[in-house]
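Naming convention: chains lettered A, B, ... in sequence-line order (proteins, then strands); numbering from 1 in each chain.
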Amino acid sequence: MQPVLLWLRRDLRLADNPALTRALDTGQPVIPVYLHAPEEEAPWFPGAASRWWLHHSLNALSCALTAAGSRLILRQGGSLECLLQLLDETGAGQVIWNRTYEPALIQRDRRIKAALKDRGVRVESCNSALLFEPWTVSNKSGEPYRVFTPFWKACCAKGLPDDVATLPESITAPAHWPVSDDLKQWALLPRISWDQGLAQRWQPGEAGAHHALERFLAHGVLTYKTGRDLPGQPGTSRLSPHLHFGEIGPRQLIRACQRLQQQGIGTEGSTSVAAFIREIGWREFAFHLLFHFPQTPEHPLDQRFEHFPWRKPEDYADDLAAWQHGLTGIPLVDAGMRELWHTGWMHNRVRMITASLLVKNLGIPWQEGARWFWDTLVDADLASNTLGWQWTAGCGADAAPYFRVFNPVLQGERFDGQGAYIRHWVPELEHLPDRYLHAPWTAPASLIPPAYPRPRVDLGASRKTALAAWEQLKEHSRLSPGGSVP
DNA sequence: AGCCTTTTGAG
DNA sequence: TCAAAAGGC
């Protein structure tokens, strides 16, 4: 019987996978394929941490498919060329996939869909990644939302989808399997092994995603509202990389939350679960914004910021390097940057704080931070990363106003009071008493650990400079709206 | 989802 | 005198 191709991309799971369900519903044999074509994601080629995750996730998916009586076929090259080749080799007449939403991938998929249809191939695409696809939500005048709360209200009014297809017991195999690449030959893993920290922390793949969810449901979600702010405690879901690669989907999370809500979980539990669902909403909002404003990975949504007086690369290179390597001399910031480097992930509150320091105190353009996060995060996601950086820089939709500057000393005292997080990631400061831990430069000279750098910025002075620059920019924009600044 | 300074008002 | 509230960036 004529098989169908199931083209897997950011949907590396078997449960709640509409494209897989559709493929099974045809009653024909299914050939699952993953195509490696990183250049098609230009200019946002997958970063090193992301490639590490992809390698292990594909391994896991391949095992799961094998256990279900199927296989994962790997091919490298242009996606269209690979698909045509596979259609030719297998005699398949239909391709099914789940949609992606990054600008470059939308273009590619559109091109491929048209080319396949031209050749008489049946093509079908589904939604696995989102509760609401970006073109299905708009305000009364038909415009995309630019503010989160009304956006999310409109989503909730539609009803959050929680319909989840059951896990297939087996997947019908074709009479003949096409040959597959050997995953190792794609060289997704780093050549020098800096990845032990990642391997220790993460279990990529669908099973790992469900372990992470179970842990969170049992230990984090009921205290999420306050627990998520404490970087020294595992109070967040840590699902972001699993979500990015589609090892688990938002509908599954909504369903799990609704099950919890039906049990008696008390007021704190209930508001905590609601807070978590709201975070899923921010993820949806990020996709909404990226789809409707595809220039935002590179350009600020608020055009006034095109003329912001950022420092120049030759002036900030040393500060940028110090920030990247966790050597700014500001403990909470260095702790976060080192957590990122060692585990490919950073606690959300610390992301806001490290980003604020880069953009506001160091005067470095947010795009530099976005690029570094892109390369080092295992959860690097163009939509979420763009929203996060523009939020911090104050130039995005519903962003934090520019004048909101985080003070990493105060934030440390407030959210890492006992210093568990800082001491874990900045061992030079292990023995510094709590009262000096967040600002070692205020300690008596005899207590300051010589191995730890002096702070690279004066937090108070740089804050003033940043606010003054913002006031001036506003003034210029008022005088010459949309125009250039002298 | 902030910080800093000034003002207010109870004691 | 000091904590809380308010106001500006």
Side-chain angles (χ1 to χ4, degrees), chain A residues 145-153 220 223-233 235-237 240 271-286 288-289 300-302 304-305 308-309 330-333 336 346-363 366 369-370 373 379 383-417 421 438-439 442 455 457-478:
Chain A
Y145 283 99
R146 290 164 178 260
V147 182
F148 173 73
T149 302
F151 165 81
W152 191 232
K153 251 181 101 175
T223 50
Y224 182 74
K225 193 135 196 259
T226 51
R228 64 166 172 177
D229 278 330
L230 309 174
Q233 285 170 219
T236 64
S237 74
S240 51
T271 55
S272 280
V273 172
F276 177 65
I277 292 175
R278 198 175 158 86
E279 295 306 307
I280 300 172
W282 274 96
R283 175 178 178 274
E284 298 280 319
F285 189 47
H288 182 82
L289 291 173
L301 186 64
D302 181 339
R304 291 174 299 177
F305 279 84
F308 192 89
I330 295 161
L332 187 53
V333 172
M346 196 197 299
H347 188 278
N348 183 60
R349 173 154 292 277
V350 189
R351 292 190 198 199
M352 296 190 281
I353 295 161
T354 54
S356 171
L357 185 96
L358 184 82
V359 171
K360 313 253 167 103
N361 299 99
L362 293 176
W366 60 271
F373 274 28
D379 65 29
S384 297
N385 198 44
T386 301
L387 178 144
W389 280 96
Q390 293 219 24
W391 183 89
T392 304
C395 59
D398 204 11
Y402 183 85
F403 55 74
R404 267 195 211 164
V405 182
F406 285 80
N407 180 328
V409 177
L410 291 177
Q411 291 280 314
E413 289 166 354
R414 205 170 297 157
F415 298 112
D416 190 36
Y421 182 74
H438 304 285
T442 62
V457 274
D458 179 323
L459 295 172
S462 55
R463 176 177 188 273
K464 275 191 178 169
T465 309
L467 292 178
W470 169 235
E471 288 307 311
Q472 208 178 351
L473 181 69
K474 274 199 305 191
E475 182 66 12
H476 281 306
S477 321
R478 197 180 61 75

Whole Å only: how far is the [atom1] atom of [X] from the [atom2] atom of [N]?
X	N	atom1	atom2	value
A:N361	B:dC3	CG	P	11 Å
A:F415	B:dG2	CZ	C1'	10 Å
A:K464	C:dG8	NZ	P	18 Å
A:F403	C:dC9	CZ	P	9 Å
A:F148	B:dA1	CZ	P	13 Å
A:R463	B:dG2	CZ	P	13 Å
A:K360	B:dA1	NZ	C1'	11 Å
A:L473	C:dC9	CG	P	16 Å

Is any side-chain N or O of A:R404 under 3.5 Å from a base N or O of C:dC9, one able to act as donor and the other as acceptor?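 When only heavy-atom distances are counted, A:R404 does not reach the base of C:dC9 through any donor-acceptor pair under 3.5 Å.
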So A:R349, base contact, sugar-phosphate only, or nothing? Heavy-atom distance under 4.0 Å.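 The residue A:R349 makes sugar-phosphate contact but no base contact.
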Is it the case that over 12 heavy atoms from other parts of the model lie below 6.0 angstrom from the NZ atom of A:K474?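 Check passes, neighbour count above 12.
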More than 12 heavy atoms from other groups under 6.0 Å of CD on A:E471: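 It does: A:E471 CD has more than 12 such atoms within range.
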Scan A:W152, A:W391, A:F148 and name whichever one has a ring pair (Phe, Tyr, Trp, His ring centres under 6.0 Å) with A:F285.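 Per the ring pair (Phe, Tyr, Trp, His ring centres under 6.0 Å) rule, the option paired with A:F285 is A:F148, out of A:W152, A:W391, A:F148.
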Donor-acceptor contact below 3.5 Å, side chain A:R146 vs main chain A:A397: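 Checked: no pair found.
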Under-4.0 Å side-chain N/O to phosphate OP1/OP2 contact, [X] with [N]:
X	N	result
A:Q411	B:dA1	no
A:N348	B:dA1	no
A:R414	B:dA1	no

Gap between atom CH2 of A:W470 and atom NZ of A:K360 - 0.5 Å precision: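 Rounded to the nearest 0.5 Å, the NZ-CH2 separation comes out at 9.5 Å.
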Heavy-atom closest contact (A:T392 atom, A:M352 atom, distance):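 Closest approach of A:T392 to A:M352: CG2-O, 4.1 Å.
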Quick one: do A:T236 and A:N348 satisfy side-chain contact (heavy atoms from CB on, under 4.5 Å)? Show the steps, please. CA-CA 8 Å; A:T236 64; A:N348 183 60; 5.6 Å; no
For DNA chain B, what string of dots and brackets results from 5' to 3' when Watson-Crick and G-U pairs need both distances under 3.5 Å, crossing pairs get [ ], and pairs with another strand get |? .|||||||||.
